[in-house]
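Data first, discussion second: the structure below is written as structure tokens.
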Amino acid sequence: MRTGIFLLVAAAAISVVAASSIPAGELINDPLEHDSLHDRHFEGGEHNAQYDHEAFLGADEAKKFDELTPEESKRRLGLIVDRIDEDKNGFVTLAELKNWIKYTQRRYIDEDVGRVWRQHNPDNNATIGWDVYRKTVYGFMDALDKEELEQEEHGVSYKSMLKRDRRRWAVADQDLDDQLTREEFTAFLHPEEHPTMRDVVLQETTEDLDKDKDGKISVDEYIGDMYRPSTEGEEEPEWVLSEREAFSKHRDLDGDGYLTETEIRQWIVPNDFDHAESEAKHLIFEADVDHDEQLTKEEVLDKYDVFVGSQATDFGEALARHDEF
């Protein structure tokens, strides 16, 4: 399989939505303990600071802070803090930080959709048709034989990716004309952020994890998405044991050893969970030295590498927008 093309298409076609629990011994009482996006936040049992940087700044904006010196990173972060402090009282509250995170999420999605929209629709028509999208993204498949189409890499084939995208397109197509408006195209590209796409997100997640295709997820399938031993008989690290415990205590609600559709839905697309609020609480938890549940600029800057990256942190991605600073 042509790996480069495969990975490029996979990145465009598949939105990974999965989760885990907090690793043992880290961030005790952290608000993110039951966040369904935890696999991104604690990859391999290690806290992924990049996740926080992207949540705070947006994925695209986050990339630029890595190129800054720590001094410049702090200076720009200070300007951001001034913007977050809506009432200019010198404190960043949970509500203000949550509003900022929601703003950066919306901005990233709008800019990402705009980029892809222009790529597939250079004439800026009101809609994009499935045939146009398929030709642009999957047109190379017309030259592949059956074996190449069905060859799997990491459990995914070109054929299965095309099938998944076609199904997602149909769900996003609310008026059933096989054309997507800009709003519908947004739902297609970012289904995890769109209420009408919850069922397809659930279905895709189940398909990704349910390796034996029995319609439910065992604890081994759950763990297998996060950890694979390098050698047979390798002892599982502590964080994996913690994940197994979390599966039993927080995911497998009926205690039958499997996640059913209802349990997967509660995990992946809970109705009453606010990821922006959870992330805001987490950032305050990390930086609130005096434990007054709000942040001063000094507290944010003292913990600047929690919020943004720089050349020194080697973490990655932050908001260095030259026209804003």
Notebook entry, point to check: D173 side chain to D177 main-chain N or O, any donor-acceptor pair under 3.5 Å?
Noted result: yes
Next item on the list: Ignoring hydrogens and angles, tell me if any N or O in the side chain of T205 forms a donor-acceptor pair with the backbone of V201 under 3.5 Å.
Entry: yes
Check: Do D112 side-chain atoms and V116 backbone N/O form a donor-acceptor pair below 3.5 Å?
Finding: no
Next item on the list: In plain terms, say whether E71 and K74 are close enough for a salt bridge, that is, a side-chain N and a carboxylate O under 4.0 Å apart.
Entry: no
Check: To the nearest 0.5 Å, how far apart are CD in E86 and CH2 in W100?
Finding: 10.5 Å
Note to self: Is the shortest side-chain heavy-atom distance between K135 and D131 below 4.5 Å?
What the structure shows: no
Next item on the list: Consider only side-chain heavy atoms of I, L, V, M, F, W and Y, link residues closer than 4.5 Å, and tell whether F91 and V306 are in one cluster.
Entry: no
Next item on the list: Kindly say whether A55 contributes a backbone atom to a donor-acceptor pair with the side chain of T104 at under 3.5 angstrom?
Entry: yes
Checklist line | Hphob cluster co-occupancy, M226 + F247, side-chain heavy atoms under 4.5 angstrom | finding: yes
Notebook entry, point to check: Which pair of heavy atoms, one from N121 and one from T127, lies closest together, and at what distance?
Noted result: ND2-O, 4.0 Å
Notebook entry, point to check: Is K281 salt-bridged to D274, cutoff N-O under 4.0 Å?
Noted result: no
Note to self: Test side chain to side chain contact (heavy atoms under 4.5 Å, CB included) on H190 and Y108; report intermediate values, then the result.
What the structure shows: CA-CA 11 Å; H190 293 276; Y108 165 69; 3.9 Å; yes
Note to self: As an exercise, state the distance from OG1 of T93 to CD of Q294, rounded to the nearest 0.5 Å.
What the structure shows: 7.5 Å
Notebook entry, point to check: Ion pair present between R118 and D123, side-chain N to carboxylate O less than 4.0 angstrom?
Noted result: no
Next item on the list: Take atom NZ of K211 as the centre, draw a 6.0 Å sphere, and report whether it contains more than 12 heavy atoms from other residues, nucleotides or ligands.
Entry: yes
Notebook entry, point to check: With a 4.5 Å heavy-atom cut-off, do L202 and W267 have their side chains touching?
Noted result: no
Item checked: Parallel, tilted or perpendicular: ring planes of H282 versus F285, cut at 30 and 60 degrees -> parallel
Check: Could you state the interatomic distance from OG (S218) to CG (D212), rounded to the nearest 0.5 Å?
Finding: 6.5 Å
Next item on the list: Please report the C-alpha distance between V171 and D199 in whole Å, then the side-chain angles of each, then the deciding distance to 0.1 Å, and finally whether the side chain to side chain contact (heavy atoms under 4.5 Å, CB included) criterion is met.
Entry: CA-CA 9 Å; V171 175; D199 285 345; over 6 Å; no
Next item on the list: Calculate, to the nearest 0.5 Å, the distance between atoms NE2 and CD belonging to H275 and E192 respectively.
Entry: 9.5 Å
Checklist line | Straight-line distance of E221 CD to D210 CG, nearest 0.5 Å | finding: 5.0 Å
Next item on the list: Take atom CD of E293 as the centre, draw a 6.0 Å sphere, and report whether it contains more than 12 heavy atoms from other residues, nucleotides or ligands.
Entry: no
Notebook entry, point to check: Hey, are the side chains of E184 and Q179 touching, using non-hydrogen atoms and a 4.5 Å cut-off?
Noted result: no
Margin query: Please evaluate residues E150 and K146 with respect to the criterion salt bridge (charged side-chain N to carboxylate O under 4.0 Å, His left out), reporting the C-alpha separation (whole Å), side-chain torsions for both, the decisive distance (0.1 Å), and the verdict.
Written below: CA-CA 6 Å; E150 296 179 353; K146 185 175 184 294; 3.2 Å; yes
Margin query: Can you confirm whether the side chains of Y258 and D214 place a donor and an acceptor under 3.5 Å from each other?
Written below: no
Checklist line | Connected via hydrophobic side-chain network under 4.5 Å: L241 and Y222 | finding: no
Checklist line | From CA spacing to verdict: salt bridge (charged side-chain N to carboxylate O under 4.0 Å, His left out), K216, D252 | finding: CA-CA 11 Å; K216 52 191 179 181; D252 181 17; over 6 Å; no
Notebook entry, point to check: Would you say V289 and F307 are hydrophobically clustered, going by side-chain heavy atoms of ILVMFWY under 4.5 Å?
Noted result: no
Check: Between D82 and K88, does a salt bridge (charged side-chain N to carboxylate O under 4.0 Å, His left out) hold up when you go through it step by step?
Finding: CA-CA 7 Å; D82 291 339; K88 307 305 177 188; over 6 Å; no
Next item on the list: Check the pair E243, V219 against side chain to side chain contact (heavy atoms under 4.5 Å, CB included), reporting the backbone distance first and the verdict last.
Entry: CA-CA 9 Å; E243 291 290 354; V219 65; over 6 Å; no
Notebook entry, point to check: In terms of heavy-atom contacts, does CD of E207 have more than 12 from other residues, nucleotides or ligands at under 6.0 Å?
Noted result: yes
Next item on the list: Could you pull out the closest heavy-atom pair between Q105 and A276, with the gap in Å?
Entry: OE1-CB, 4.2 Å
Margin query: Given L283, which partner from the list L295, I101, V300, D288 fulfils the side-chain contact (heavy atoms from CB on, under 4.5 Å) test?
Written below: I101
Next item on the list: Can you measure from CG (D302) to OG1 (T296) and round to the nearest 0.5 angstrom?
Entry: 7.5 Å
Notebook entry, point to check: Any salt bridge between R115 and E111, counting N to O under 4.0 Å?
Noted result: no
Checklist line | Heavy-atom check, side chain of H194 versus side chain of F188, under 4.5 Å | finding: no
Check: Distance-only, no hydrogens or angles: does the D225 side chain make a donor-acceptor pair with backbone N or O of L209 under 3.5 Å?
Finding: no
Check: Is a salt bridge present between D208 and R164, judged by a nitrogen-to-oxygen distance below 4.0 Å?
Finding: yes
Margin query: Ring-plane angle category for W117 and F185, please: parallel below 30°, perpendicular beyond 60°, tilted otherwise.
Written below: perpendicular
Check: Would you say the side-chain atoms of Y227 and E234 include a donor-acceptor pair closer than 3.5 Å?
Finding: yes
Item checked: Hydrophobic cluster identity match, M161 and L149, side-chain contacts under 4.5 Å -> yes
Next item on the list: Would you name the heavy atoms of H120 and V132 that are closest together and state the gap between them?
Entry: O-CG1, 3.7 Å
Checklist line | salt_bridge(E277, K98) N-O dist < 4.0 Å | finding: yes
Check: Which pair of non-hydrogen atoms, one from Y304 and one from P70, has the smallest distance, and what is that distance?
Finding: OH-CB, 3.4 Å
Next item on the list: Keeping the roles fixed (side chain from D254, backbone from D256), state whether a donor-acceptor pair exists under 3.5 Å.
Entry: yes
Item checked: Close side-chain approach of E261 to T206, heavy-atom, < 4.5 Å -> no
Margin query: What I'd like to find out is whether the side chain of R168 reaches to under 4.5 Å of the side chain of M197, using heavy atoms alone.
Written below: yes
Checklist line | D165 vs Y138, side chain to side chain contact (heavy atoms under 4.5 Å, CB included): CA-CA, chis, key distance, verdict | finding: CA-CA 10 Å; D165 257 12; Y138 295 104; 3.0 Å; yes
Margin query: Parallel, tilted or perpendicular: which one describes the rings of Y158 and F140, with boundaries at 30° and 60°?
Written below: perpendicular
Notebook entry, point to check: Is the closest side-chain heavy-atom distance between P229 and E236 below 4.5 Å?
Noted result: no
Checklist line | Flag side-chain contact, heavy atom, 4.5 Å: D142 against R134 | finding: yes
Notebook entry, point to check: Okay, side chain of T186, backbone of R182: is any donor-acceptor separation there less than 3.5 Å?
Noted result: yes
